[in-house]
Amino acid sequence: MKNLFFLLSLIFVVSCDKKVNNSSIEPHLELVSFEIQVKMVEIPGGYYRPFFDIDSIKEVYVSRFFMDERLVTNQEYLNFLIANPQWVKSNILSLYADDNYLKNWKSDFEIPEGVSLQAPVTNVSWYAAKAFAQSLGKRLPTVDEWEYVGVADKSSPNAADNPEFTNYILASYKTGERYKIPVKAGQSNYYGIYDMYGSVWEWTSDFNSVMMTGESRNSNIKNENLFCAGASLTATDLKNYAAFIRFAMRGSVKANYCINNLGFRCVKDITI
Amino acid sequence: MKKLLSNAVLLMFALGLHSCKDSSTSSLTKVDSESIKTVGSVEVLKLVPPPLVPPPVGDRPAKKIQVMLETVEEVGELANGVQYDFWTFNGTVPGSFIRARVGDEIELTLKNNENSVFPHNIDLHAVNGPGGGAEATFVAPGQSATFTFKALNPGLYVYHCAVAPVGMHIANGMYGLILIEPEGGLPPVDKEFYIMQGDFYTKGKFGEKGFQEFDMEKAIAEHPDYVVFNGNTGALVGDNELNVNVGETVRLFVGNGGPNLSSSFHVIGEIFDKVYVEGGSVINENVQTTMIPAGGAVIVEFKANVPGDLVIVDHAIFRAFNKGALGKIKVSGKDNPTVYSVKK
Amino acid sequence: MKKFLIPFLLFGLFITSCTSNSNSNLPDDSIYHLTSEWENQNGEFMQLNKLKGDVVVMVMIYTNCRTACPRLTADMRDIHKQVGKANNKDIKYVLVSIDPEFDTPEKMKEYLEMYKFTGNEWLFLRSSDANTRELANVLAVKYKEISPIDFSHSNIISVFNKNGHLAYQKEGLNIDIDGTVSQIKKQFN
């Protein structure tokens, strides 16, 4: 009798342990770090003029931070999945990604056919990108941080007023399977950062601060019904079509979308 | 005397009725069309590529219609040996012709191809509602959205993408036409064709071979390198020329996607017997050249009287001969010397 | 009989404890999968899954808002009135601050009192910037800080069913609340 009692309580303890104790922590958010080799570049702090001119504030200050010199690759995302299998295609919650999550991956741990391990990972949602960054003690860049680095061309930190640079960007916004282009394929910019243009779109931590909707024709007119205080956001330079395109892209996505031509990179705060 | 008087009264009564009848038929107001009930099951509209159009609605009652459009970005030919990055509805410039009648409830689904790089949407000038549908159909690559609208006004309307920067989306080919036929349908004709003019802006000059990028500065300055029908200098010439027979009545649904230029639309060798001015309900007759504003459309009708080539042009003539705004209608059949003959 | 009592007891414990995992029967898209911590108008901390079992009507605003939020809050008040008190213990009306720095528990409480939202069914929550961004993304709410006291944000009222599944949303101000009210009532069935 005593033996039966001990045996049953042993079974009870062993089998229920995991489920009962951790009911308050989401398995998806217990993130495990993993080995990664990516150079992070220190971006010095400075001012830049955001695309949407906020009333009297013409320039925004961006504090210095570290930025991945390139996009996150398929190889690195695969390593993330191996360390954190709760994020594989077959385990992920629909809260965190739509049906297109890693859509073209051949299986949970196999990257798509015809795509290099050194190509940027795509078909990942904002939640997944965030989790990847968090697992390494990093985060996604803010829109301001991305745009601040994005106004740099090869030779200067701020080429915003250079029409040739706008044309260069527009030319890079071409049709095609950009997810096949390996990272660092083009030239780096003034800071030594690659893949800002000519590759895939990138997630930002606050992409949902972009108030653009499908109705862009009245962006200089009050659209108060949908957006509180929306009237005070106007585009600083109507000729800056390249920025319009980027911001339209940000305005069109939701956090759980997984898109062929949308990937990400990480940044890190500089703590003294 | 009495008989004469009573006859006169009867006659005036009849005339009175007749004139009342005349004025009421053409004034189907928006309020009236709002109350038109749809009958029957939902019809999925079968779309065809330009210059073809779906069959006429005839005198069918108003129905529920489903239309599916997909935005596709792909490289195609703008002229011989010249490639361009087109942004399209359903893979063609212009996009497929949508055809319905007044009172129809149209459920439109817009899908953005998963390999697209850019978000898109659609604004149909036939829609009474915010943005013409633009707000409701803002789709990122791989996504789709649906909205429904009731066709309240008959006419020929433009549809186009309205995502910022709007000029660029239109300049790259994102436009098409939607026809809302009046009650009873348009009068039948023998042949119908769909043509849409557009101006294109490239980094290189007209005719410069190879892949040509979109030139934003030229677009803003309104200096196109190409002005074409149906997205290609060769879309309506050579093997692609339109074919009709002597004696046939022809209807052309002509739109102007712009983005910038208006069209002085003319068919060399023909006169338009009927012009539905600006694609609306007023009909002009015996017109040689008609204006189509950017973002506008027109319906023209004529009867092909003699065999030979008719040339479709934008009569701002350098556009026809130096920028590609040229198409051909080949009329086949027996000579008609009463109308046209050459002394040998 | 006694021979089987202990095993039966143990078996019973075994069964009940293995099913007490509160997240095991949540739908995949339930908002209660989020583990963010939120502070309410009373200074109490909680996770969102504390609301599990209630129908939740949620809106994101900030107390300094002079333009749309008063209207949005009034819409919440009208919805509350129309839904009625019948289901009050099964429903929560939740205001979430997009300006957590300024909207302290005191400010949040003041705001609720100003609108006479005094019942237990009213909650005003704030959390960190990152958690607020994340919740906004689940709600598809967009917002941007324009100045320290001025935010631009979308005006959306969201309705969650008792399991945290997003059942309905309505965007805009001065909206027709009848649709929202009937959707809320549906969640009680």
Side-chain angles (χ1 to χ4, degrees), chain A residues 1-2 4-5 7-9 11-13 15-30 52 54-57 92-96 98 125-127 130 134 139-140 142-143 205-213 224-233 250-251 254-256, chain C residues 2-3 6-7 9-11 13-24 26-35 47 49 61-62 65-69 71-72 129-130 133-134 136-138 140-147 150-156 164-166 171-175:
Chain A
M1 196 54 209
K2 239 188 183 172
L4 189 62
F5 176 77
L7 188 64
L8 281 168
S9 46
I11 296 168
F12 163 73
V13 165
S15 48
C16 290
D17 192 355
K18 281 211 176 109
K19 291 185 197 163
V20 174
N21 291 349
N22 297 342
S23 61
S24 61
I25 296 180
E26 266 297 305
H28 276 76
L29 293 155
E30 287 167 45
F52 285 104
I54 303 165
D55 269 0
S56 55
I57 302 168
I92 196 163
L93 294 176
S94 58
L95 178 69
Y96 294 133
D98 68 11
S125 64
W126 177 80
Y127 299 102
K130 198 159 79 83
Q134 261 172 264
R139 59 171 174 83
L140 294 173
T142 61
V143 171
S205 61
D206 57 346
F207 73 89
N208 70 338
S209 65
V210 173
M211 309 301 274
M212 279 179 83
T213 65
E224 259 205 44
N225 207 29
L226 284 187
F227 295 121
C228 186
S232 41
L233 295 178
R250 290 181 185 127
K254 292 194 178 166
N256 66 338
Chain C
K2 226 183 175 179
K3 206 178 178 183
I6 292 174
L9 275 172
L10 285 170
F11 188 63
L13 272 170
F14 177 77
I15 297 287
T16 53
S17 40
C18 283
T19 55
S20 71
N21 178 356
S22 54
N23 286 350
S24 63
L26 278 180
D28 259 13
D29 63 347
S30 170
I31 199 181
Y32 301 132
H33 287 293
L34 299 177
T35 55
Q47 287 197 359
N49 60 15
I61 56 165
Y62 63 111
C65 180
R66 296 282 165 262
T67 45
C69 307
R71 182 64 248 182
L72 204 52
D129 278 334
R133 261 308 148 195
E134 183 180 60
N137 270 326
V138 172
V141 163
K142 303 187 199 216
Y143 69 92
K144 183 176 180 66
E145 181 176 330
I146 300 174
S147 78
D150 200 12
F151 286 76
S152 180
H153 62 94
S154 35
N155 300 317
I156 301 180
H165 163 78
L166 182 60
E171 182 153 17
L173 299 175
N174 299 334
I175 55 171

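To find a chain, count down the sequence lines: A is the first, B the second, and so on, and within it residues start at 1.
A:G251 and C:K142 make their closest contact through O-NZ, 2.6 Å (heavy atoms, listed as atom of the first residue, atom of the second, distance).
Interatomic distance, A:L93 CG to C:L26 CG, rounded to the nearest 0.5 Å: 9.5 Å. Note: C:L34 CG to A:L95 CG = 5.5 Å, rounded to the nearest 0.5 Å.
For C:D129, the CG atom counts as loosely surrounded, since its 6.0 Å shell holds 12 or fewer non-hydrogen atoms of other residues, nucleotides or ligands.
Counting only heavy atoms from C-beta outward, the side chains of A:N208 and C:R133 approach each other to under 4.5 Å.
Between chain A and the residues C:V138, C:N137, C:L166, C:D29, the most heavy-atom pairs under 4.5 angstrom are made by C:N137.
Only the side chain of C:A140 comes within less than 4.5 Å of a heavy atom of chain A; its backbone N, CA, C and O stay farther away.
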